[in-house]
Amino acid sequence: MRTYLIKRLLLFVPTAFGVSLFIFVMLHTIPGDYATALLLGGEPGEAYDASSEQFQQIREQLGLDGRLDQQYVRWLGNFFQGDFGISWTNRKPVWDRMAPRIFLSFELGVLAVTLAFVLGTVGGVISAVKQDTWIDYVLRSSSMTLQAMPGFWLALMVIVILVAVWGWKPPIEYRHLWDDPARNLSVLLLPAFLVGLRSSAEILRMTRSSVLEVLREDYVRTAEAKGLYRSKILGQHVLRNALLPVTTLAGFEVVFLMSGQVIIESVFNLHGIGKLFVQAVAARDYPVVQAIVMFVALVVLLANLVVDLMYAYLDPRIRYT
Amino acid sequence: MATQNETTSADAVRENLMAAEPPRRPGFWKYNVYYFRHKLLGTIGLFIVVVMVLTAVFADLIAPYAYQEQNYTAVLHAPSFEFFFGTDNFGRDVFSRIVHGARISMLVGFLSVLAGTGIGAVIGLISGFFMGKVDAIVQRLVDMWMSFPDLILALTIVAVFGNTLPNVIMAIAATILPRGVRIIRSATIAIRETDYTMAARSIGASDLRTMLRHIMPNTVAPFLIIMSSMFGTAILTEAGLSYLGLGISEPTPSWGRMLTGQAAQYAPRAPWIIVFPGVFITITVMGFAFFGDALRDLFDPRQRGR
């Protein structure tokens with residue numbers, strides 16, 4: 001376990017550096033010196049005096065002076081010290097804009113992942129146990145439909161139905177979980193459910209095929225031959241073996257959920273990181289975009305690390321290969 | 001050597017057809033009915049794909065109104081014979097806008113999938129063929145690439161280059177590329193161990209020749225499969241970008257764009273504004289998914305029935 005742990009941790013560091021380089025290069029391929037030109041009030045491509053003192057000052061302020069490699073080192077150094085740069089839209093530190101939103105997005109994500117796994121695994125087990133019955137068909141076809149639906153459309157339809165049929169009013173005011181848990185959940189539960197529901201489709205499919213595979217194993221037949229109760233066979237023999245490969249999906253789901261979250265935050269007008277990201281993209285606020293992409297990538301890498309370690313802990317076969 | 005490859009794939013197709021055929025040669029109708037019943041989803045998928053492509057190509061002929069035509073005497077008109085899917089809050093015909101929106105969805109879907117899987121396939125082929133250091137580096141890069149959520153990667157690219165049609169296509173292609181690399185790489189690794197590749201190498205075929213003449217033709221099947229299954233994802237990403245207002249800009253109608261802004265406010269009164277575009281996205285994505293699954297079954301008998 002220790003060698004595996006060390007090997008896996010060693011892989012994390014260069015990947016994180018690679019990702020940061022990737023993001024930096026991507027955001028510095030902006031054609032021309034667009035950003036600076038824009039700041040000076042001109043349109044991109046318009047002539048400006050690159051040697052003027054004011055221009056140099058602005059560059060310095062935005063961290064755009066010096067060679068590219070120097071800029072990169074400075075950006076990364078600052079990033080790990082918690083200094084994410086200055087937002088171009090309101091000239092405030094990027095971190096100050098992100099900080100109040102992180103908890104909301106984090107909570108939404110945790111709720112969504114939990115719901116996705118609960119719905120997906122329960123649905124998948126039912127679907128496999130009742131193979132080729134109407135329940136199985138309903139579950140499978142609805143999960144297939146869910147995967148083909150755009151998440152935002154599903155959310156819009158649900159809102160419209162709730163509003164039109166039950167006269168539901170979307171709760172507007174968001175309160176922090178610790179201040180007012182009931183209000184907080186009333187705001188977040190529906191979006192989390194909708195994001196989770198879409199992710200659960202893939203989990204359902206994988207759980208189903210995994211359970212079906214295990215049901216055909218010899219040890220399950222042996223358990224049946226011994227005369228064990230069906231529930232006991234399912235709980236002790238089938239589920240423990242079948243759900244293990246499903247945990248590997250967690251890494252993918254975290255990545256997939258984040259795309260969904262960006263959209264759902266916009267649909268429900270929740271002021272999370274995803275919404276900030278969309279605003280920053282629309283305003284071409286590069287420091288914010290850069291910081292959020294880096295932040296998201298780090299969360300994804302960390303989530304994958306945790307999933308891998310968990311899997312190795314649960315399944316000894318991984319550790320020793 | 002090319003003939004050998006042709007026979008291999010032709011054999012696979014024939015074998016598959018034989019598997020789907022009942023014993024004794026059936027008549028035309030009997031065969032078609034049999035085929036249709038056993039490949040029902042695939043046939044439906046193919047049908048949807050064909051209808052959508054035709055809609056996109058002949059949008060000008062099919063749409064009864066121009067997509068930007070505003071009719072203030074018929075604002076928020078319910079679906080009727082005059083306006084099949086009703087009109088929106090500007091009095092624009094929803095059906096005509098959907099028909100024209102198909103054009104953007106198909107165009108963006110096709111070009112981004114082609115570019116993404118195409119470039120991905122070339123990288124995957126090289127990576128899988130040479131193995132070793134090249135492969136290790138490429139795979140680490142793909143890992144990094146895949147740690148960006150699709151929509152966030154696409155949005156970042158749009159932020160950098162602007163939301164014009166070619167840039168949106170490029171952004172979506174970038175999300176598809178790493179998957180293309182993965183799949184073509186594993187196919188390449190499998191094919192490079194086959195006897196005919198060994199034979200080609202032993203008679204002195206160069207790396208390039210082996211890759212182009214012996215390995216590449218055999219990656220066509222996984223290439224087509226991933227293209228059709230990624231098509232749906234591309235359409236969904238495009239719809240997402242448009243919904244956020246960062247896809248292709250107005251007045252070009254796009255399915256995602258039709259659901260954004262004021263559409264949601266009018267929806268409780270006039271649900272047809274948002275119901276139909278979403279239904280079309282869902283049906284199209286499903287069609288491509290079914291078609292992709294059927295292709296996979298056709299090319300890879302081991303996966304059949306899963």
Side-chain angles (χ1 to χ4, degrees), chain A residues 11 14-16 18-19 21-23 26-31 34 144-154 156-157 159-161 163-165 209 252 254-263 266-267 274 277-278 280-286 289-290 292-293 296-301 304, chain B residues 41 140-141 143-163 174-175 232-233 235-246 255-256 259-260 263-264 266-271 273-275 277-279 281-290 293 306:
Chain A
L11 192 65
T15 317
V19 163
L21 195 63
F22 192 86
I23 294 166
M26 190 152 73
L27 282 162
H28 283 77
T29 44
I30 303 159
Y34 184 95
M144 231 171 351
T145 318
L146 272 177
Q147 276 184 313
M149 265 183 207
F152 61 90
W153 182 63
L154 177 69
L156 280 176
M157 292 300 289
I159 294 176
V160 165
I161 290 170
V163 169
V165 180
S209 66
F252 287 108
V254 169
V255 182
F256 184 76
L257 271 169
M258 281 180 167
S259 290
Q261 227 177 307
V262 168
I263 291 228
S266 293
V267 177
F277 185 67
V278 173
V281 168
R284 298 199 157 194
D285 191 342
Y286 295 117
V289 172
Q290 199 170 2
I292 293 180
V293 177
V296 165
L298 279 181
V299 171
V300 168
L301 288 178
N304 277 321
Chain B
L41 287 184
R140 288 290 79 74
L141 285 176
D143 282 348
M144 283 173 205
W145 200 300
M146 286 182 101
S147 61
F148 300 108
D150 279 1
L151 200 65
I152 289 185
L153 181 63
L155 280 172
T156 311
I157 293 173
V158 167
V160 172
F161 296 100
N163 53 343
T175 65
T233 319
I235 290 175
L236 284 178
T237 313
E238 192 274 326
L241 285 177
S242 301
Y243 174 74
L244 293 173
L246 295 160
W255 292 342
L259 298 166
T260 193
Y266 288 102
R269 271 200 293 149
I273 301 181
I274 67 164
V275 170
V279 167
I281 300 174
T282 310
I283 289 177
T284 312
V285 173
M286 268 182 141
F288 277 99
F290 290 160
D293 283 352
R306 285 212 181 170

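Keep in mind the model is a prediction, meaning the values are calculated, not measured.
There is no contact between A/Gln290 and chain B, counting heavy-atom distances below 4.5 Å. Proximity to chain A is absent for every atom of B/Ile235, based on heavy atoms less than 4.5 angstrom apart. Heavy-atom distances place the side chain of B/Leu246, and not its backbone, under 4.5 Å from chain A. For B/Asp150, the parts lying near chain A are the backbone and the side chain together; criterion is any non-hydrogen pair under 4.5 Å. In this structure, chain B has heavy atoms under 4.5 Å from both the backbone and the side chain of A/Val19. The parts of B/Ala239 that come within reach of chain A are both its backbone and its side chain, each placing non-hydrogen atoms under 4.5 angstrom from that chain. Looking at A/Ser209, neither its backbone nor its side chain comes within 4.5 Å of chain B, counting heavy atoms on both sides. Both the backbone and the side chain of A/Val267 come within less than 4.5 Å of a heavy atom of chain B.
A heavy-atom distance below 4.5 Å is found between the side chains of B/Arg140 and A/Leu11. In this structure, the side chains of A/Val281 and B/Leu244 stay at 4.5 Å or more apart for every pair of heavy atoms.
What you find for B/Phe290 and A/Met144 is that their closest heavy atoms are CE2-SD, 3.6 Å. In this structure, B/Pro149 and A/Met258 approach most closely via the heavy-atom pair CG-CB, 3.6 Å. Closest approach of B/Leu153 and A/Met26 over heavy atoms only: CD1-CE, 4.0 Å. Closest non-hydrogen pair, B/Thr156 versus A/Phe277, comes out as OG1-CZ, 3.6 Å. Nearest heavy-atom pair across A/Ala148 and B/Met286 is CB-CG, 3.4 Å. Minimum interatomic distance between A/Gln147 and B/Leu236 (heavy atoms only, all atoms of both residues): O-CD1, 3.8 Å.
Remark: side-chain polar atoms of B/Ser147 are not paired, donor with acceptor, to backbone N or O of A/Ala297 under 3.5 angstrom.
Across B/Val279, B/Thr282, B/Ile281, a single residue satisfies side-chain contact (heavy atoms from CB on, under 4.5 Å) together with A/Met149, and that is B/Thr282.
By number of non-hydrogen pairs under 4.5 angstrom with chain A, the leading residue of B/Val275, B/Val158, B/Asn163, B/Ile283 is B/Val275. Most heavy-atom pairs under 4.5 Å with chain A, from the set B/Thr284, B/Thr233, B/Ile152: that is B/Ile152. Between chain A and the options B/Ile157, B/Thr260, B/Leu155, heavy-atom pairs under 4.5 Å are most frequent for B/Leu155. By number of non-hydrogen pairs under 4.5 angstrom with chain B, the leading residue of A/Val289, A/Val262, A/Val254, A/Ile161 is A/Val262. Heavy-atom pairs under 4.5 Å with chain A peak, among B/Ala154, B/Gly240, B/Gly256, at B/Gly240.
Rounding to the nearest 0.5 Å gives a distance of 11.5 Å between CD of A/Gln261 and CG of B/Leu151. Taken to the nearest 0.5 Å, the CD1 atom of A/Ile263 stands 7.5 Å off from the CG atom of B/Leu241.
Under the rule for a ring pair (Phe, Tyr, Trp, His ring centres under 6.0 Å), the partners of B/Phe148 that lie at least two apart in sequence or sit in another chain are A/Phe22. Not a single side-chain hydrogen bond (donor to acceptor under 3.5 Å, both in side chains) links A/Asn304 to another residue, sequence neighbours left out.
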